[in-house]
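Atoms considered below: every heavy atom in the structure, side chains included; atoms not considered: hydrogens, waters and symmetry mates.
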Amino acid sequence: MRGLRAHYHLLPDQDEELPMGCREPAGEGQPGWEGAPTAAPTLEEPGRLVLSTTSSILGDRDIQELGPHLPPRLRQQPWHLQYHTGRDGFSLRSLYRCGGQPGSPALLLIRDTEAQAFGAFTATPIRCSRGFYGTGETFLFSFSPELKVFKWTGRNDFFVKGDVDLLMVGGGSGRFGLWLDGDLHHGGSQPCETFSNETLSAREEFCVQDLEVWGLA
């Protein structure tokens with residue numbers, strides 16, 4: 001794994017010192033009239049993922065399929081584009097700076113140079129950290145080409161961890177469900193204990209063509 005082992009020789013459950021310039025944010029129906037038939041109960045519509053602008057990575061069908069997998073409280077709320085490599089450049093530092101407010105969820109979308117789309121949902125903003133953070137609502141997904149979603153297994157709590165050189169989602173035994181390097185040009189995906197996921201991309205290592213981060217206002 002190019003450059004990853006050299007940078008991260010520690011096991012995923014070992015914390016390391018916070019990189020320079022990176023700070024932790026502070027704390028984390030009515031009845032019908034008699035004799036008339038009552039109206040049938042309205043069925044709840046499937047949860048929708050509502051994007052405020054067009055995504056360059058996911059099409060309308062993809063967005064419709066992904067929506068029901070979000071936590072119910074977040075469905076049908078408008079998501080805003082916070083970071084886009086086509087607009088903001090390829091830099092993990094810039095991605096952190098464009099992150100949402102504390103407590104705001106994040107939707108990370110990636111398309112690699114083989115046109116594979118995949119990503120991650122986190123219940124908290126993507127940020128720099130000393131250790132792993134996040135909740136069991138975190139999940140990975142891939143359109144390969146049909147949507148596959150990989151939820152938390154409960155085997156560990158290695159949800160998200162990042163510094164200025166590396167962002168990781170999911171881990172265990174030295175394997176990461178999804179990782180991206182500091183310049184956001186390269187990344188990788190392996191089956192990991194946190195999500196028991198398949199490799200999200202066609203290969204265990206990939207090159208990023210486009211990347212977006214969406215959040216709530």
Requested in this report: Classify the angle between the aromatic ring planes of Trp152 and Phe159 as parallel (below 30°), tilted (30 to 60°) or perpendicular (above 60°).
Outcome: perpendicular
Query raised in the report: Is there a donor-acceptor pair closer than 3.5 Å between any side-chain N or O of Glu212 and the backbone N or O of Leu81?
Result: no
Requested in this report: Kindly say whether Cys192 contributes a backbone atom to a donor-acceptor pair with the side chain of Asn197 at under 3.5 angstrom?
Outcome: yes
Requested in this report: Keeping the roles fixed (side chain from Arg155, backbone from Ser196), state whether a donor-acceptor pair exists under 3.5 Å.
Outcome: no
Query raised in the report: Got a donor-acceptor contact below 3.5 angstrom from the Gln116 side chain to the Phe143 backbone?
Result: yes
Report task. Output yes when a side-chain donor or acceptor of Tyr133 lies under 3.5 Å from a complementary backbone atom of Thr124, and no otherwise. Result -> no
Query raised in the report: Do Thr135 side-chain atoms and Glu137 backbone N/O form a donor-acceptor pair below 3.5 Å?
Result: yes
Report summary line: When every non-hydrogen atom of Lys151 is compared with those of Phe139, the smallest separation belongs to CD-CB, 3.6 Å
Report task. Test Leu58 against every option in Leu107, Ile63, Leu51 by the side-chain contact (heavy atoms from CB on, under 4.5 Å) rule and name the one that passes. Result -> Ile63
Report task. Can you measure from CG (Leu108) to CD (Gln82) and round to the nearest 0.5 angstrom? Result -> 11.5 Å
Requested in this report: Look up atom OG1 in Thr113 and atom NE2 in His185, then write down how far apart they are to the nearest 0.5 Å.
Outcome: 12.0 Å
Query raised in the report: Taking all atoms of both residues into account, what is the closest heavy-atom pair of His84 and Ser56, and its distance?
Result: NE2-OG, 3.4 Å
Query raised in the report: Please walk me through it: do Phe150 and Thr194 pass side chain to side chain contact (heavy atoms under 4.5 Å, CB included)?
Result: CA-CA 9 Å; Phe150 305 97; Thr194 313; over 6 Å; no
Report summary line: Looking only at heavy atoms, the pair that brings Ala120 and Leu140 closest together is CB-CD2, 3.6 Å
Requested in this report: Find out whether Ser55 and Leu109 are in side-chain contact, i.e. whether some heavy atom of one side chain is under 4.5 Å from a heavy atom of the other.
Outcome: yes
Query - Side-chain heavy-atom pair His80, Pro78 within 4.5 angstrom cut-off - result: yes
**Report entry** Side chain proximity check, Val169 to Thr138, heavy atoms < 4.5 angstrom
**Finding:** yes
Query - More than 12 heavy atoms of other groups within 6.0 Å of Arg61 CZ - result: no
Report task. List the atom of Ala106, the atom of Val213, and the distance in Å for their closest heavy-atom pair. Result -> CB-CG1, 4.4 Å
Query - Exam field: side chain Tyr96 to backbone Ser91, donor-acceptor pair closer than 3.5 Å - result: no
Report task. Enter the distance from Asp62:CG to Glu146:CD here, rounded to the nearest 0.5 Å. Result -> 9.0 Å
Requested in this report: Could you walk me through whether Leu184 and Tyr83 pass side chain to side chain contact (heavy atoms under 4.5 Å, CB included), step by step?
Outcome: CA-CA 12 Å; Leu184 295 183; Tyr83 179 84; 3.4 Å; yes
Requested in this report: Only counting residues at least two apart or in another chain, list the ones meeting side chain to side chain contact (heavy atoms under 4.5 Å, CB included) with Thr199.
Outcome: Ser189, Pro191, Ser201, Glu204
Query raised in the report: Going through the distances and angles, do Ile110 and Leu178 end up as a side chain to side chain contact (heavy atoms under 4.5 Å, CB included)?
Result: CA-CA 11 Å; Ile110 300 168; Leu178 177 63; 4.1 Å; yes
Query raised in the report: Taking all atoms of both residues into account, what is the closest heavy-atom pair of Phe141 and Leu147, and its distance?
Result: CB-CD1, 4.0 Å
Query raised in the report: Step by step, would you call Met168 with Phe132 a side chain to side chain contact (heavy atoms under 4.5 Å, CB included)?
Result: CA-CA 9 Å; Met168 299 170 293; Phe132 280 90; 4.3 Å; yes
Query raised in the report: At what distance, to the nearest 0.5 angstrom, does CG of Asp157 lie from CD of Glu193?
Result: 11.5 Å
Report task. Taking the side chain as every heavy atom from C-beta outward, state whether Leu167 and Val160 have any pair of such atoms under 4.5 Å apart. Result -> yes
Query raised in the report: About how many Å separate CG of Leu180 and CG of Leu166, when rounded to the nearest 0.5 Å?
Result: 8.0 Å
Report task. Begin from the C-alpha positions of Glu198 and Ser142 and carry the test side-chain hydrogen bond (donor to acceptor under 3.5 Å, both in side chains) through to its verdict. Result -> CA-CA 9 Å; Glu198 300 173 4; Ser142 176; over 6 Å; no
Query raised in the report: Can you list every pair that meets ring pair (Phe, Tyr, Trp, His ring centres under 6.0 Å) and has a residue in residues 190-217, with sequence neighbours left out?
Result: Phe118-Phe206
Query raised in the report: Can you find a pair of side-chain heavy atoms, one from Leu49 and one from Leu70, that are under 4.5 Å apart?
Result: yes
Query - Asp210 to Gly86 - nearest heavy-atom pair and separation - result: OD1-N, 4.2 Å
Query raised in the report: Can you check whether Phe121 reaches Leu74 side chain to side chain, under 4.5 Å on heavy atoms?
Result: yes
Query raised in the report: Would you say the side chain of Thr85 lies within less than 4.5 Å of the side chain of Phe90, judging by non-hydrogen atoms?
Result: yes
